[in-house]
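Each remark here refers to the structure printed beneath this line.
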Amino acid sequence: MAERQLTQILTQLQTSASTLSYTDSSALLSKAKLLLLQLNALTPTAPGSASNPSLFSLARQVYEQGALASIRAKNPDAFLRYVSQLQGFYDLEGTVGTGAAGGRIAGADANREEKNKVTGLYLLLLLTQGQYAEFHSELEALSTRLGGASELEADRFLDYPIKLERWLMEGSYDRVWKAMKKGEVPCEEYGVFSEILTFQIRSEIASSSERAYPSLPISSTKSLLFLESEGEVVEFARSRGWILKDGHIIFPSAEPPAEEAGAEQEKPFSQLVIENALGYARELETIV
C-alpha cells in the first residue's frame with residue numbers, strides 16, 4: 001500500500017514538474033519521505049532500500065525530484081542537501097550490496113539521465129559560485145568513475161558545464177552567451193543558471209573594459225555586454241559609475257593612454273578578451 005502511494009506521488013512529481021509550485025512540490029516530497037520512512041527506506045543503507053531494489057530506486061528518484069524542484073525554485077541550499085543525500089545512492093550503485101548475501105544493487109543503470117542531470121546541475125552551481133577547485137575535483141572523480149573524460153563529454157548534461165567552464169577560462173564569452181540561450185541548454189533546469197552567468201560575464205567584461213580602454217562607443221558596448229538596448233547600456237553604465245559623453249562611455253578609473261613607443265608591447269589578457277568580444281559584436285551588427 002505504502003509503496004503504491006509512493007509510486008503515485010513520484011509519478012505526479014515527474015509528470016507535473018513544470019506546473020507544480022515549489023510549495024506543492026515540497027508538500028508532495030514531504031509525504032514521499034514519510035512513506036520512505038514507513039517503508040524503512042529513507043537512506044540507501046536502510047534495511048528496506050538495501051534489500052529491495054525497487055525501493056532503492058524509488059527513494060533515489062524522490063531525492064532527484066527534490067533536487068530538481070529546488071533548482072527550479074532557485075533554492076541552492078535545498079538543492080545541496082538533496083545532492084548530499086543522493087550521493088549515498090550513487091556511491092552504492094554497481095557495488096556489492098549491504099546485505100549478508102551481498103550482490104549487486106539493481107537499478108544501477110536505470111534512470112541514468114536524471115542522475116547525470118543532477119550531477120551536471122551541481123557542477124553548474126559550483127561554477128556560478130566560483131568554486132573552481134571543487135568543480136575540478138568533482139570532474140576528476142566523475143572521470144574516474146565513468147572511465148575517462150570522453151565519457152563525460154559524451155553526455156549532454158555533463159558536457160555542458162565542462163564546456164562553459166573552459167570557455168569562461170578562455171574568455172570566450174560569446175560562446176558562453178550562445179550556449180545559454182533557451183534553445184541551447186540541455187533542459188529547463190539548466191536555464192536557471194543563465195541569469196547568474198550572464199551577470200558574472202557582464203561584470204567580468206566590464207572590469208576588463210575598464211582596465212583595457214579609456215572609453216568605448218555606447219553602440220559597441222551594447223553588443224559587448226549582451227544588452228538589448230542602448231537604454232540598458234546607460235542604466236548599466238550608471239550602476240558602475242561610468243561617464244556618458246557624446247555617444248561614448250568613459251571609464252573613470254582608466255589610466256592615461258600608453259605612449260606610442262610602448263604600443264608594440266604585448267597586449268594584456270583583458271584587452272585581448274575585449275577585442276575578441278568586440279569582434280563578435282561587430283559580426284552580430286553585420287548580420288543584423
Steps toward side-chain contact (heavy atoms from CB on, under 4.5 Å) verdict (Glu64, Gln14): CA-CA 10 Å; Glu64 285 173 338; Gln14 291 170 333; over 6 Å; no

Just do the side-chain hydrogen bond (donor to acceptor under 3.5 Å, both in side chains) check on Glu235 and Ser239 with the steps written out, would you? CA-CA 6 Å; Glu235 184 179 347; Ser239 72; over 6 Å; no

Step by step, work out the side-chain contact (heavy atoms from CB on, under 4.5 Å) result for Glu114 and Leu68. CA-CA 9 Å; Glu114 292 296 277; Leu68 296 175; 3.3 Å; yes

Are Arg211 and Ser208 close enough, and set up right, to give a side-chain hydrogen bond (donor to acceptor under 3.5 Å, both in side chains), and what steps lead you there? CA-CA 5 Å; Arg211 293 191 298 268; Ser208 296; 3.3 Å; yes

Please assess Arg4 against Gln8 for the test side-chain contact (heavy atoms from CB on, under 4.5 Å), listing each intermediate value before the final yes or no. CA-CA 6 Å; Arg4 190 185 311 120; Gln8 290 172 347; 4.1 Å; yes

Determine, step by step, whether Glu188 and Ser18 satisfy the side-chain hydrogen bond (donor to acceptor under 3.5 Å, both in side chains) criterion, reporting the C-alpha distance in whole Å, the side-chain angles of both residues, the deciding distance to 0.1 Å, and the verdict. CA-CA 9 Å; Glu188 172 196 352; Ser18 59; 5.1 Å; no

Please test Ile9 against Val62 for side-chain contact (heavy atoms from CB on, under 4.5 Å), starting from the C-alpha separation and ending with a verdict. CA-CA 9 Å; Ile9 291 175; Val62 166; over 6 Å; no

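Side chains of Asp155 and Leu146 form no contact here, defined as non-hydrogen atoms less than 4.5 Å apart. Under the 4.5 Å side-chain criterion, counting only non-hydrogen atoms from C-beta, Tyr90 is in contact with Val118. Two residues are said to be in side-chain contact when any heavy atoms from C-beta on lie closer than 4.5 Å; Thr45 and Leu92 meet this criterion. With a 4.5 Å cut-off on side-chain heavy atoms, Leu29 and Tyr82 count as touching. For the pair Gln38 and Leu35, the minimum side-chain heavy-atom distance is below 4.5 Å. A 4.5 Å side-chain heavy-atom check between Glu210 and Arg240 finds at least one atom pair inside the cut-off. Within the 4.5 Å cutoff, no side-chain heavy atoms of Gln61 are placed close to those of Leu13. Residues Leu39 and Leu58 are not in side-chain contact: their nearest non-hydrogen atoms beyond the backbone lie 4.5 Å or more apart.
Aromatic ring orientation, Phe157 versus Tyr190: tilted (interplanar angle from 30° to 60°).
Taking all atoms of both residues into account, the shortest heavy-atom contact from Ala41 to Ala59 is O-CB, 3.6 Å. Annotation for Leu20 and Ser25: closest pair CB-OG, 3.5 Å, computed over non-hydrogen atoms. The minimum heavy-atom distance between Ala149 and Ser143, with the atom names listed, is N-OG, 3.3 Å. Shown here for Pro76 and Leu125, the closest heavy-atom pair between the two residues is CB-CD1, 4.0 Å. For the pair Gly120 and Pro161, the tightest heavy-atom approach, listed with the atom from each and the gap, is O-CG, 3.8 Å. Nearest heavy atoms, Arg72 versus Val192: CA-CG2, 4.4 Å.
To the nearest 0.5 Å, atom CD of residue Glu3 and atom CG of residue Leu10 are 11.5 Å apart. In this structure, Arg175 CZ and Leu164 CG are separated by 12.0 Å, a value rounded to the nearest 0.5 Å. To the nearest 0.5 Å, the span separating OG1 on Thr11 from CG on Leu28 amounts to 11.5 Å. For the atom pair CZ (Arg202) and CG (Leu197), the distance works out to 11.5 Å, reported to the nearest 0.5 Å. Separation of atoms OH (Tyr63) and CZ (Arg81) is listed at 12.5 Å; rounding is to 0.5 Å. In this structure, the separation between CD1 on Ile71 and SG on Cys187 is 10.0 Å, given to the nearest 0.5 Å.
Counting non-hydrogen atoms of other residues, nucleotides and ligands closer than 6.0 Å to CD of Glu140 gives a total of 12 or fewer. Annotation for Glu195: atom CD does not count as buried by contact number, only 12 or fewer foreign heavy atoms lying within 6.0 Å. Atom CZ of Arg238 is surrounded by 12 or fewer heavy atoms from other residues, nucleotides or ligands within 6.0 Å.
Taking the six-membered ring for Trp and the full ring otherwise, the centers of Phe56 and Phe89 sit less than 6.0 Å from each other.
Of the candidates Ser209, Ser219, Pro217, Leu224 forms a side-chain contact (heavy atoms from CB on, under 4.5 Å) with just one, namely Ser209. With Ile201 as the fixed residue, the side-chain contact (heavy atoms from CB on, under 4.5 Å) test singles out one of Phe226, Trp177, Trp167: Phe226.
Phe193 is connected to Leu80 through a chain of hydrophobic side-chain contacts under 4.5 Å among Ile, Leu, Val, Met, Phe, Trp and Tyr, so both are in one cluster. Both Leu121 and Tyr132 belong to a single network of hydrophobic side chains, linked directly or stepwise wherever heavy atoms of I, L, V, M, F, W or Y lie under 4.5 Å apart. Hydrophobic clustering, with ILVMFWY side chains joined whenever heavy atoms are under 4.5 angstrom apart, groups Leu55 together with Leu37. Leu244 and Trp242 fall within a single hydrophobic cluster, where Ile, Leu, Val, Met, Phe, Trp and Tyr side chains are chained together by heavy-atom contacts under 4.5 Å. Met169 and Leu126 fall within a single hydrophobic cluster, where Ile, Leu, Val, Met, Phe, Trp and Tyr side chains are chained together by heavy-atom contacts under 4.5 Å.
Of the possible donor and acceptor atoms, none in the side chain of Ser70 sits under 3.5 Å from a partner among the backbone N and O of Asn75. For the pair Ser16 (side chain) and Thr19 (backbone), a donor-acceptor distance under 3.5 Å is absent. For Tyr22 (side chain) and Lys74 (main-chain N/O), no donor-acceptor pair under 3.5 Å exists by modelled atom type.
Taking the charged nitrogens against the carboxylate oxygens, Glu153 and Arg166 do have a contact shorter than 4.0 Å, which makes a salt bridge.
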